[in-house]
Each structure stands twice: as structure tokens, then as C-alpha cells.
Amino acid sequence: MLPFPKGAPTAPALIRRVPTAWRSEVTELELAIDRFVAQHGREEWPDHPAFGPLSRKAWGILVYRHTDHHLRQFGA
């Protein structure tokens with residue numbers, strides 16, 4: 001599986017807020033991951049603003065790859 005391309009622009013619909021303090025950002029990421037994992041039995045998923053309809057598996061892959069991309073981006 002190919003990595004996300006470097007410098008790829010973020011879809012405007014995905015930009016929602018200004019970053020806060022680092023510890024707060026880490027806590028928010030942990031909570032977001034927990035909320036996503038809690039959806040494991042969900043049958044229907046919303047359309048992605050950039051990619052449209054995605055299956056549960058496709059959402060999982062996207063979340064994993066996107067998170068991995070940013071952790072690598074920041075050397076975490």
C-alpha cells in the first residue's frame with residue numbers, strides 16, 4: 001500500500017479548527033481513536049467529504065493510513 005503523498009492538500013471540508021496545546025491535541029487524538037474503535041459493529045458509514053461512500057474496511061484503512069501519515073510527519 002502506497003503512503004500518502006507528501007504535500008497533498010487537505011480538503012477544505014476537513015479543516016475544522018485551530019490546533020491547541022500539544023497535550024490537548026494528544027488527548028483529543030486518543031479520544032477520537034476510541035470513538036472510532038467503538039463503531040466496530042456499525043453497518044452504515046457516512047460518506048467521506050473527499051472520497052465519497054466508503055465501506056467499514058475502507059474507513060478503517062483510511063483512518064489507519066491518515067493517522068500513520070501524521071505520526072510519521074511529526075516524528076512520533
Side-chain angles (χ1 to χ4, degrees):
M1 187 175 300
L2 297 174
F4 277 21
K6 291 183 188 262
T10 300
L14 300 177
I15 300 173
R16 296 187 178 202
R17 62 180 179 72
V18 176
T20 60
W22 177 253
R23 187 66 233 161
S24 295
E25 293 295 319
V26 171
T27 299
E28 284 300 314
L29 174 60
E30 290 169 344
L31 292 170
I33 291 171
D34 288 345
R35 286 190 303 270
F36 181 76
V37 170
Q39 301 292 316
H40 71 277
R42 185 178 186 163
E43 294 295 325
E44 293 185 29
W45 291 81
D47 289 351
H48 185 279
F51 304 122
L54 296 175
S55 67
R56 176 176 61 177
K57 182 177 179 179
W59 268 108
I61 292 168
L62 178 65
V63 168
Y64 168 80
R65 291 188 65 210
H66 191 192
T67 303
D68 180 68
H69 164 75
H70 285 296
L71 290 174
R72 289 175 190 274
Q73 177 184 17
F74 296 112

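- With sequence neighbours excluded, the residues that form a side-chain hydrogen bond (donor to acceptor under 3.5 Å, both in side chains) with Q39 are R42.
- Between W22 and F74, the ring-plane angle classifies as perpendicular under the 30° and 60° cut-offs.
- Between W45 and L54 there is no side-chain heavy-atom pair separated by less than 4.5 Å.
- For the side-chain hydrogen bond (donor to acceptor under 3.5 Å, both in side chains) test, no residue two or more places apart in sequence or in another chain qualifies with S24.
- Within the 3.5 Å criterion, the main-chain N or O of E43 finds no donor-acceptor partner in the side chain of R56.
- V63 and F51 fall within a single hydrophobic cluster, where Ile, Leu, Val, Met, Phe, Trp and Tyr are joined by side-chain heavy atoms under 4.5 Å apart, directly or via other members.
- Atoms CD and CZ, on E28 and R23 in that order, are 11.0 Å from each other to the nearest 0.5 Å.
- Within the 4.5 Å cutoff, no side-chain heavy atoms of I61 are placed close to those of Y64.
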